[in-house]
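Chain letters run A, B, ... following the sequence lines, proteins first, then strands; residues in each count from 1.
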Amino acid sequence: MTTLESALGASTARLEGRAKVSGTARYAAEYASEGALYAWPVPAGIARGEVTAVHTDAAMADPAVLVVLTHDNAPRLRPVEDRTLALLQSPHVAHRGQYVALAVATSLEAARAAAAAVLVQYKADHHDVVLTEDHPGLYAPEEIDGLWPGTREHGDFGGAYAAAEIRTDAVYTIPPLHNHPMEPHAATAVWDGDALTVYDSNQGSTAVQHTLAQLFGIDAGQVRVVSEHVGGGFGSKGTPRPNVVLAAMAARAVDRPVKLAVPRNHMPAVVGHRAPTIQRIRIGAGSDGRIRALAHEVVTCTSTVGHFVEPAALPSRMMYTAPNSRTSHRVTRLDIPAPSWMRAPGECPGMFALESAIDELADICGLDPVELRIRNDTEVEPDSGLPFSSRHLVECLQEGARRFGWHERDRRPGIRREGRLLIGSGVASSMYPVIIFPSCAAAHADPDGQYRVRVNATDIGTGARTVLAQIAADALAAPLGRVHISIGSSDLPEAPLAGGSSGTASWGWAVHNACAQVRELVERSGGSVPAGGLSASADTTEDIKSGQEYARCAFGAQFAEVQVDTDTGEVRVRRLTGVFAAGRILNPRTARSQFIGAMTMGLSMALMEASTMDPEFGDHAERDFASYHVAACADLPAIEAHWIGEEDPHLNPMGSKGIGEIGIVGTAAAIANAVHHATGVRVRTLPIRPDALLPHFAHFA
Amino acid sequence: MGTTTAVTMEINAESCALDLDNRTTLLDALREHLGLTGTKKGCDHGQCGACTVLVDGLRMNSCLLLAVALDGAQVTTVEGLSSDAVLHPVQQAFIDHDAFQCGYCTPGQICSAVGAITEAASGWPSAATAQERPVGSVALTEAEIRERMSGNLCRCGAYVNIVSAVAEAAEAAREAGR
Ligand code: FES
Ligand code: FES
């Protein structure tokens, strides 16, 4: 008898790899539809006010243009919770870049030219778009993203801070950041009577299906959403976006299929962004580095059309012992594009601040920052008081330090020179909570020994398709080659979005359950499958309630080595090493890509990415890749990602924690801490560009 | 208003006669007129490299080329790199090194890598090439690959694996060329 090697934990290559490298994988704007038209949206040119007239004569002069939709003639939509989807429904303008018209034509060129020829007149109101620390509109929200309370207090922060031997107090700021997945948000919409099919680029087509049904007042059963391949999302495709709603509206209006891809330079205004944060952190500690008091106070902004609050103080509720703590958020509503999810909302910006502050504390205490973190490790989550189901932060720090060669490090800043370069290294912790949503899945065994597994998961580049097939093969005790997995269509059993690093755990749990049942059915029928096959389905709504008596979180540690040019102020990362403890790693090959990909985005955030709110016009000034810089190949050093084995029985049948986001958490702090070690200059505002450092190098000249 | 012009190109070794709006880019001609959607549109402004194809053997951003100006040109897209179900060595290396995630930048990366390998073999220098370089081909070190591949953005952050994939394919091409 041959034993089957478990498919789980194998470095299986992506199932769609061949399609992706040969150009046959189809994305949302790539479905040929007979007679398809092209739509091109028109963004508002003011930040707040009313559209008073839309002149379309010039645009309509080209016979290739079929219609220009405006709030006067666009199909009416039913209200939905996300008000950014109430497109072309009223003359009100809530932010610059909001869509106010849509040109539809027989060619892309004609649609683009028509959109440019539409003349919109406005009555502009005064707008308010710039976040300041003392903005008069700031208030404390009850809830922040994730439905967490906005403010939490434990013990007596004020008293403990005042009494502490050592105190730090600093403010860290992060500018607005843009997700910019490489595939712009796109959709192709086709109506057949009252039935709607859309090919859409999103992170979860079940939600798109239900939202479209609501908007158009039809049954969810009449809406089919296909999202077979998605060119990245990083949070910005987590909810339905204007692309799919406008394509469907236009297709309905002209009764022909319509394609729409959001132009790259419109994206910052219509697909969400990471809101800027101003974060004050105060730590009171003993001279032994043990934290007695911690306050993490976040100031941020949201829009008038949504109420997303970046939950940046969350990590301070989970990371370190802090018997006396205050974590709070204050937010103001501005006339800006609606902020939303961007990779690790909350954890990513919050950990830049917290992990920088921890480095500052280590510096003042004269302690090694790895050691200081170890001294403040905790078995229970400080905020909830719940025990961690597993927490291997210390092991990650130690293993990372060993691999990186941390122990040879001289703690003194600003003393390592190589010609005109200053060299330094830094460390930061990573964390990301375990999130699991209910999911359905179905599995079917055919008499010929093949298995079909169905779940409406979305592969935005994570390798979801592959890992779900592995989970299925494992639960079926079948070779991977006999498992045929279908994802990426709302025809399949309902499933949650690819977001919050929840996908593999949520979908995988349902896939595991359905497959385990099928395996049992096959065994019960004596190992043979009858002519009609054997089927089972699963819904994990009840299952996922287990394990909630624990705080569940993945942890990690990142180490960076940088060189800083004293002539130019340029920072370059030489090495970046991450070690993570994220439960069982189900596919080392794709997991490693997730970790290093997110660390790459973290490096990009640390050194390059920045958007500026233009106070005059009320929009982000950096809207394309020429002005909004993201890391390119030459910016990247050798990045290493490792993990430590972690057995945790309180997660899900696979024993996995989410891995899509943790890699971007802590990277920027590790790099900023390394810059401090190299230069002695503490940069508390991202990104770290030459202008922040050069003034300090005058004495080198 | 659209004025059209007749243009004939050889695309993936097939002659294609088209009557195109003068404003049509090569990228849109491929994607919207010929069904060759393997070439991607990331920015439409020459800033991301997702639309990279080979025109007369050289890599170019197809979103910056007007199709009607390319009469007689030979264009190779990602679909034209493999033949008879055998992947091009660069395509295979991308799979072997997991050099992509979402796959949207990938066709551009692959065409760019094919172009870069040819350019280096022909002795074209880059910013990473030493000024006192020997005559003949330029060896594709990791620094050379990083520099030469920097016109192709990857938001998924697959660069580390892209560099190793290109290095392997370049080495294989060098061996084969001996
Ligand atoms: S689409 Fe051509 S360079 Fe971005
Ligand atoms: S693989 Fe997603 S952008 Fe490169």
Student: At their closest point, which heavy atom of A:F625 faces which heavy atom of B:G42, and how far apart are they?
Tutor: CE1-O, 4.5 Å

Student: Considering only heavy atoms from C-beta outward, does the side chain of A:T462 approach that of B:Q101 to under 4.5 Å?
Tutor: no

Student: By a 4.5 Å heavy-atom criterion (distance strictly below it), what part of B:L87 contacts chain A: side chain, backbone, both, or neither?
Tutor: both

Student: Compare all side-chain heavy atoms of A:S593 with those of B:F100 and state whether any distance is below 4.5 angstrom.
Tutor: no

Student: Do B:C154 and A:M182 come close enough that some side-chain heavy atom pair is under 4.5 Å?
Tutor: no

Student: Are B:E32 and A:Y38 close enough that some pair of their side-chain heavy atoms sits under 4.5 Å apart?
Tutor: yes

Student: What's the shortest heavy-atom distance between A:A634 and B:S150, and which atoms?
Tutor: N-OG, 2.8 Å

Student: Relative to chain B, which segment of A:Y628 carries a heavy atom at a distance below 4.5 Å: side chain, backbone, both, or neither?
Tutor: side chain

Student: Heavy-atom pairs under 4.5 Å with chain A are the metric here; pick the option from B:D96, B:I145, B:T25 that has the most.
Tutor: B:D96

Student: Among A:R589, A:R14, A:M601, single out the residue with the greatest number of heavy-atom pairs under 4.5 Å to chain B.
Tutor: A:R14

Student: Taking it one step at a time, do B:I110 and A:K20 satisfy side-chain contact (heavy atoms from CB on, under 4.5 Å)?
Tutor: CA-CA 11 Å; B:I110 289 171; A:K20 281 181 174 171; over 6 Å; no

Student: Under 3.5 Å, is there a donor-acceptor pair between the A:N179 and B:R155 side chains?
Tutor: no

Student: Without hydrogens or angle criteria, can the side chains of A:T590 and B:D98 be said to hold a donor-acceptor pair below 3.5 Å?
Tutor: no

Student: When heavy-atom pairs shorter than 4.5 Å are enumerated against chain A, which of B:T106, B:V90, B:D44, B:N161 gives the highest number?
Tutor: B:N161

Student: Based on non-hydrogen pairs under 4.5 Å, which of A:R592, A:M599, A:R343 is most in contact with chain B?
Tutor: A:R592

Student: Can you tell me which of A:A638, A:C633, A:G23 forms the most heavy-atom pairs within a distance under 4.5 Å of chain B?
Tutor: A:C633

Student: Between B:Q92, B:K40, B:E147, which residue shows the highest count of heavy-atom pairs closer than 4.5 Å to chain A?
Tutor: B:K40

Student: Could you tell me whether the side chain of B:K41 reaches within less than 4.5 Å of the side chain of A:R264, counting heavy atoms only?
Tutor: no

Student: Checking A:L108 against chain B: side chain, backbone, both or neither under 4.5 Å from a heavy atom?
Tutor: side chain

Student: Under a 4.5 Å heavy-atom cutoff, which of B:A143, B:G103, B:A99, B:A127 has the most pairs with chain A?
Tutor: B:G103

Student: So which of B:R31, B:Q109, B:E79 has the largest heavy-atom pair count under 4.5 angstrom toward chain A?
Tutor: B:R31

Student: To the nearest 0.5 angstrom, please state how far the CD1 atom of B:I95 sits from the OG atom of A:S22.
Tutor: 7.5 Å

Student: Give the member of B:P107, B:C102, B:G157 that has the highest number of heavy-atom pairs under 4.5 Å with chain A.
Tutor: B:C102

Student: Does B:E10 CD have over 12 foreign heavy atoms under 6.0 Å away?
Tutor: yes

Student: Between B:Y159 and A:P637, is any pair of side-chain heavy atoms under 4.5 Å apart?
Tutor: no

Student: How close do A:R26 and B:T37 get, counting heavy atoms only, and between which atoms?
Tutor: CG-OG1, 4.5 Å

Student: Applying side chain to side chain donor-acceptor pair (under 3.5 Å), run through A:E109 and B:T24 and close with a yes or a no.
Tutor: CA-CA 7 Å; A:E109 296 77 23; B:T24 306; 3.3 Å; yes

Student: With a 4.5 angstrom heavy-atom cut-off, which part of A:A626 approaches chain B: side chain, backbone, both or neither?
Tutor: both

Student: Heavy-atom distance under 4.5 Å between the side chains of B:C43 and A:D624, does that happen here?
Tutor: no

Student: What part of A:H180 lies closer than 4.5 angstrom to a heavy atom of chain B: side chain, backbone, both or neither?
Tutor: both

Student: Would you mind checking which part of B:A165 comes under 4.5 Å of any heavy atom in chain A, side chain (CB onward), backbone (N, CA, C, O), both or neither?
Tutor: neither

